[in-house]
J.: 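Sharing a structure here in C-alpha cells format.
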Amino acid sequence: QVQLVQSGGGLAQAGDSLRLSCAASGRRLNNYVVGWFRQIPGKEREFVAAIFRSGGNTFYEDSVKGRFIMSRDNAKNTVFLQMNSLKPEDTAVYYCAADAHLILSSVRRFDQYDYWGQGTQVTVSS
C-alpha cells in the first residue's frame, strides 16, 4: 500500500501561483500513475493532471494546460502540482491519487485510482 499526504494550497488572488505537494510513504511513487483531481461541492471529482510511471509523461485537463505543471521528485518520493496564473474557477478541494496499474486511457477517471490523499483547499479570489 501507499499512503499519500498532501500539503500546500490555501488562499490566492487571481494571477497568483500556488504549489501542491503529494508525498508518499510505503512504496516508491515512481512505480505509480499519480493524478491530481479537484472537486467543488455538489459536483463530481474532476481530472486536473496526471503523470505516468517512471517515464514521466504528463497529461492535463484543457482548462489548466499552459498554467499548471505536474512534476515528480523521485528522491523525495513526492509529486508536485505547480499552479500558475490562477483563476477563481480553479477554486476547489484538490486531491492527489495514485494507482499502480492504470493504463493510459484511464488516467482521467477518478474511480480508477486506488489511493488518495486527504485533500487540500485552494481558494482563488478575483
Side-chain angles (χ1 to χ4, degrees):
Q1 277 199 345
V2 61
Q3 292 79 43
L4 303 175
V5 177
Q6 297 178 223
S7 59
L11 299 175
Q13 291 192 324
D16 284 353
S17 297
L18 287 173
R19 188 174 81 159
L20 304 182
S21 300
C22 177
S25 61
R27 292 287 189 272
R28 298 301 307 170
L29 203 52
N30 60 334
N31 293 323
Y32 290 74
V33 174
V34 182
W36 285 99
F37 293 81
R38 62 188 180 188
Q39 190 169 25
I40 59 175
K43 291 210 166 181
E44 196 169 82
R45 207 160 285 192
E46 173 190 50
F47 172 77
V48 176
I51 189 164
F52 228 63
R53 298 174 199 87
S54 48
N57 289 339
T58 50
F59 308 89
Y60 299 95
E61 194 266 335
D62 285 347
S63 69
V64 307
K65 271 182 192 173
R67 300 189 297 123
F68 289 12
I69 302 169
M70 189 171 179
S71 61
R72 63 163 96 230
D73 184 331
N74 291 332
K76 295 182 179 179
N77 211 24
T78 299
V79 169
F80 303 98
L81 184 68
Q82 177 67 39
M83 305 186 293
N84 301 319
S85 302
L86 282 162
K87 302 177 181 180
E89 50 264 43
D90 295 320
T91 296
V93 176
Y94 283 72
Y95 297 90
C96 65
D99 193 274
H101 306 293
L102 274 179
I103 58 175
L104 183 59
S105 59
S106 297
V107 294
R108 298 172 185 269
R109 294 181 54 182
F110 71 89
D111 60 338
Q112 298 296 299
Y113 289 78
D114 280 343
Y115 305 104
W116 288 86
Q118 80 276 19
T120 186
Q121 178 70 45
V122 171
T123 302
V124 184
S125 60
S126 57

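In this text, all values refer to a predicted model and were calculated from it rather than measured experimentally.
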J.: What's the shortest heavy-atom distance between Ser126 and Pro88, and which atoms?
T.: CB-CG, 3.8 Å

J.: Taking Phe80 as the starting point, is it possible to reach Leu86 by hopping between hydrophobic residues whose side chains are less than 4.5 Å apart?
T.: no

J.: Any side-chain heavy atom of Phe110 within less than 4.5 Å of one from Glu44?
T.: yes

J.: Between the main-chain N or O of Leu102 and the side-chain N or O of Asp99, is there a donor-acceptor pair closer than 3.5 Å?
T.: yes

J.: For the residue pair Arg38 and Tyr94, would you count it as a cation-pi contact if the rule is NZ or CZ under 6.0 angstrom from the ring centre and within 45 degrees of the ring axis?
T.: no

J.: Ignoring hydrogens, what is the shortest heavy-atom contact between Ser17 and Asn84? Give both atom names and the distance.
T.: OG-OD1, 2.9 Å

J.: In Å, rounded to the nearest 0.5 Å, how long is the span from OG1 of Thr120 to CG of Leu81?
T.: 11.0 Å

J.: Is the backbone of Met70 close enough, under 3.5 Å, to the side chain of Tyr60 for a donor and an acceptor to pair up by distance?
T.: yes

J.: Taking all non-hydrogen atoms of both residues, which atom of Leu18 and which atom of Ala12 are closest, and how far apart?
T.: CD1-CB, 3.8 Å

J.: Return yes if some donor-acceptor pair links the side-chain N/O of Arg28 with the main-chain N/O of Ala24 below 3.5 Å, else return no.
T.: no

J.: Output the distance between atom CZ (Arg72) and atom OH (Tyr32), rounded to the nearest 0.5 Å.
T.: 11.5 Å

J.: To the closest 0.5 Å, what do you measure between NZ (Lys87) and OG (Ser85)?
T.: 8.0 Å

J.: Between Thr91 and Glu89 (side chain of the first, backbone of the second, donor and acceptor by atom type, cut-off under 3.5 Å), is there such a pair?
T.: no

J.: Can you name the residues that form a side-chain hydrogen bond (donor to acceptor under 3.5 Å, both in side chains) with Gln3, not counting sequence neighbours?
T.: Ser25

J.: Shortest non-hydrogen contact from Leu104 to Phe52?
T.: N-CZ, 3.7 Å

J.: Measuring from Ile51:CD1 to Phe59:CZ, what's the distance to the nearest 0.5 Å?
T.: 9.5 Å

J.: Checking Gln6 side chain against Gly119 main chain: does a donor-acceptor pair fall under 3.5 Å?
T.: yes

J.: Begin with the C-alpha distance, continue with both residues' side-chain angles, and end with the deciding distance and a verdict on side-chain contact (heavy atoms from CB on, under 4.5 Å) for Cys96 and Tyr115.
T.: CA-CA 8 Å; Cys96 65; Tyr115 305 104; over 6 Å; no

J.: Do side-chain atoms of Gln39 reach the backbone of Ala92 as a donor and acceptor pair under 3.5 angstrom?
T.: no

J.: Please check: side-chain N/O of Arg27 versus main-chain N/O of Val2, any donor-acceptor pairing under 3.5 Å?
T.: no

J.: Let me confirm one number: the CD-CD1 distance from Glu46 to Ile40, rounded to the nearest 0.5 Å.
T.: 8.0 Å

J.: Backbone N or O of Asn74 within a donor-acceptor pair of the Asn77 side chain at under 3.5 Å?
T.: no

J.: Any carboxylate oxygen within less than 4.0 angstrom of a Lys/Arg side-chain nitrogen, looking at Arg45 and Asp111?
T.: no

J.: Compare every heavy atom of Ala50 with every heavy atom of Tyr113, then report the nearest pair and how far apart it is.
T.: OH-CB, 4.0 Å

J.: Answer yes when Lys65 and Asp62 have at least one side-chain N-carboxylate O distance shorter than 4.0 Å, and no when they do not.
T.: yes

J.: Does Phe47 have any ring-ring contact (aromatic ring centres under 6.0 Å, His included) partners at least two apart in sequence or in another chain, and if so, which?
T.: Phe37

J.: Check whether any side-chain heavy atom of Arg53 sits under 4.5 Å from a side-chain heavy atom of Val33, and report yes or no.
T.: yes

J.: How long is the gap from OG on Ser125 to CG on Leu11, to the nearest 0.5 Å?
T.: 7.5 Å

J.: Any donor and acceptor pair, going by atom type alone, linking the side chain of Arg19 with main-chain N or O of Gly9 inside 3.5 Å?
T.: no

J.: Among Leu29, Val79, Thr78, which residue meets the side-chain contact (heavy atoms from CB on, under 4.5 Å) test with Leu4?
T.: Leu29

